[in-house]
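Below is one structure, written out as structure tokens; the observations come after it.
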Amino acid sequence: MSGQLKEVRNRIKSIQSTQQITKAMKMVSAAKLRRAQDAIVQMRPYAVKLQEMLQNIVSNTEGGIDMALAANRQVEKVLIVAITSDRGLCGAYNTNIIKLAKQTIREKYAAQFAKGHVEILPIGKKAYEHFSKNGYKVNDSFWNLFSNLSFEQVKAAAGVAMEGFIKGEYDAVDIIYSEFKNAATQRFKAEQFLPIAKVENAGEEKTAKADYIFEPEKATLIAELMPKILNTQFFKAVLDGHASEHGARMTAMDKATENAGELLRSLKIEYNRARQAAITTELTEIVSGAAALMG
């Protein structure tokens with residue numbers, strides 16, 4: 001019985017230590033989430049409006065203007081940008097990104113993958129480790145981008161995708177990331193990055209959607225704007241993923257802390273029952289011994 005009590009006491013101490021760690025990690029993630037959330041909330045309206053403007057310009061621009069980043073061609077070579085985190089303990093966040101990337105390849109680029117023409121550009125250690133270990137063709141230039149997250153670093157990663165598309169190294173570029181909604185909710189998305197998507201029924205909505213005045217001339221402005229707007233879209237996806245990671249980790253650590261509390265309660269009940277049983281046994285033995293001496 002004393003051995004059982006000691007075992008339960010050790011388990012209680014172990015779970016209490018774990019609970020302290022999960023509480024601390026939740027607080028750290030909450031602080032990081034606040035900064036990451038502020039960054040994406042301020043960035044998103046600007047990025048969405050720029051993307052809408054770019055799509056409308058591309059959809060309503062007649063021939064004669066060079067728009068290499070919007071060129072639709074037969075898809076032979078593909079680049080998949082998968083944005084995960086560097087660390088775990090964030091629930092199913094990384095798993096869902098990796099699953100969606102594989103699903104996109106399986107459903108959209110199966111023929112290209114069979115020929116070995118699908119390349120992964122991982123951003124985040126978890127994506128890099130998974131795709132490297134499982135035999136995928138991986139570009140390992142930016143997997144540690146979150147260790148020094150800045151617009152310049154993200155711009156360099158986006159530049160690899162754009163330059164590769166212009167040179168014909170890739171015919172399509174998709175980004176797999178998690179769109180941040182709130183701390184408990186993330187929306188996992190597979191989004192076309194290149195070629196620039198056109199707005200459907202652009203001809204019918206030309207007047208309403210693309211009534212822009214260009215200064216200087218249209219060709220010069222488009223050539224200048226396209227890469228800058230695409231850099232912004234790429235940066236938005238990275239910031240979304242960054243905020244989603246901290247939200248997922250905070251939620252996971254909160255749930256782990258709650259689970260530890262429930263387990264502690266059940267273990268304390270078990271400990272009290274075992275202790276009560278031990279005391280009852282000892283009293284029974286004392287009474288039995290006294291009765292034997294008197295008899």
Side-chain angles (χ1 to χ4, degrees), residues 25 27-51 53-54 69 79-90 93-94 97-98 101 119-132 138-166 169-170 173-183 186-194 196 223-250:
M25 292 186 68
M27 292 174 66
V28 171
S29 293
K32 290 182 177 179
L33 172 62
R34 196 172 297 112
R35 293 194 296 270
Q37 183 176 350
D38 288 344
I40 186 58
V41 167
Q42 293 171 16
M43 174 76 170
R44 184 177 288 137
Y46 175 70
V48 169
K49 190 63 181 177
L50 281 177
Q51 184 177 29
M53 183 179 73
L54 180 62
L69 292 169
L79 179 68
I80 302 290
V81 181
I83 303 174
T84 63
S85 67
D86 285 340
R87 298 182 296 120
L89 297 176
C90 48
Y93 169 74
N94 291 313
I97 293 290
I98 292 168
E119 184 176 334
I120 307 293
L121 177 63
I123 295 178
K125 186 178 179 181
K126 292 299 179 180
Y128 171 69
E129 288 180 344
H130 177 84
F131 289 111
S132 296
V138 173
N139 182 328
D140 61 357
S141 302
F142 298 98
W143 67 267
N144 61 345
L145 187 147
F146 285 116
S147 63
N148 182 26
L149 180 58
S150 66
F151 182 75
E152 292 304 317
Q153 288 286 331
V154 174
K155 180 181 175 182
V160 168
M162 288 188 280
E163 186 177 346
F165 184 83
I166 292 171
E169 295 172 4
Y170 314 117
V173 180
D174 285 8
I175 302 179
I176 314 296
Y177 71 103
S178 174
E179 184 179 49
F180 178 79
K181 295 295 183 183
N182 54 56
Q186 296 87 35
R187 181 186 174 198
F188 298 95
K189 296 181 69 175
E191 194 172 88
Q192 179 178 317
F193 183 64
L194 292 172
I196 299 167
E224 184 73 19
L225 279 179
M226 268 190 181
K228 291 184 177 180
I229 295 177
L230 288 171
N231 286 333
T232 303
Q233 301 311 311
F234 203 98
F235 190 47
K236 182 188 80 71
V238 172
L239 290 183
D240 261 317
H242 190 51
S244 295
E245 173 199 347
H246 293 305
R249 183 171 291 109
M250 189 186 80

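If you're wondering where the values come from, they're calculated on a predicted model, not measured in any experiment.
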query: From C90 SG over to M25 CE, what is the distance, rounded to the nearest 0.5 angstrom?
result: 9.0 Å
- line: Only residue of K181, R44, R187 satisfying side-chain hydrogen bond (donor to acceptor under 3.5 Å, both in side chains) with D240 is R44
- request: Report yes or no: do Y177 and E191 form a side-chain donor-acceptor pair below 3.5 Å?
  value: yes
Residues which pass side chain to side chain donor-acceptor pair (under 3.5 Å) with Q192, listed by chain and number, not counting sequence neighbours: none
task: Hey, could you give me the CG/OH distance between L121 and Y128, rounded to the nearest 0.5 Å?
output: 12.0 Å
- prompt: So S178 and I83, side-chain contact (heavy atoms from CB on, under 4.5 Å) or not? Walk me through it.
  reply: CA-CA 8 Å; S178 174; I83 303 174; over 6 Å; no
message: With a 4.5 Å cut-off on side-chain heavy atoms, are R35 and H246 touching?
response: no
Identify every side-chain donor-acceptor pair in residues 138-158 under 3.5 Å, counting partners at least two apart or on other chains, and give the distances.
{"from": "N139", "atom 1": "OD1", "to": "S141", "atom 2": "N", "distance (Å)": "3.1"}
{"from": "N139", "atom 1": "OD1", "to": "S141", "atom 2": "OG", "distance (Å)": "2.7"}
{"from": "S147", "atom 1": "OG", "to": "N144", "atom 2": "O", "distance (Å)": "2.6"}
{"from": "S150", "atom 1": "OG", "to": "Q153", "atom 2": "N", "distance (Å)": "3.3"}

- prompt: Looking only at heavy atoms, which two atoms of L79 and A161 are closest? And how far apart?
  reply: CD2-CB, 3.9 Å
message: Within this structure, what is the CE-CG distance for the pair M43 and L50, rounded to the nearest 0.5 Å?
response: 8.0 Å
task: Could you give me the CA-CA distance, side-chain angles and deciding distance for L33 and F180, then say whether side-chain contact (heavy atoms from CB on, under 4.5 Å) is met?
output: CA-CA 11 Å; L33 172 62; F180 178 79; 3.7 Å; yes
- request: Would you name the heavy atoms of L194 and M162 that are closest together and state the gap between them?
  value: CD1-CA, 3.8 Å
field: Spacing of CD belonging to Q37 relative to OG belonging to S244, to within rounding of 0.5 Å
entry: 10.0 Å
query: In Å, rounded to the nearest 0.5 Å, how long is the span from CG of N94 to CZ of R87?
result: 10.5 Å
field: Pairwise side-chain contact, E224 with K228, heavy-atom cut-off 4.5 Å (strictly under)
entry: yes
Pair M53-I229, side-chain contact (heavy atoms from CB on, under 4.5 Å): steps then yes or no: CA-CA 9 Å; M53 183 179 73; I229 295 177; 3.9 Å; yes
- request: Apply the side-chain contact (heavy atoms from CB on, under 4.5 Å) test between I123 and each candidate in T84, D86, V81, I176; give the one that qualifies.
  value: V81
query: Mind checking whether F165 and L69 have side chains closer than 4.5 Å, heavy atoms only?
result: yes
- line: What one should report as the nearest heavy-atom pair of S85 and Y93 is N-CE2, 3.9 Å
message: Once rounded to the nearest 0.5 Å, what's the spacing between atom CE of M250 and atom CE of M27?
response: 12.0 Å
field: Heavy-atom pair with the smallest gap, counting every atom of A127 and A82
entry: CB-O, 4.0 Å
field: Worked verdict on I196 versus L230 for side-chain contact (heavy atoms from CB on, under 4.5 Å)
entry: CA-CA 9 Å; I196 299 167; L230 288 171; 4.1 Å; yes
field: Minimal non-hydrogen separation, L239 against A39, with atom names
entry: CD1-O, 4.2 Å
- line: Minimal heavy-atom distance between Q233 and A47, with the atoms involved, is NE2-O, 2.9 Å
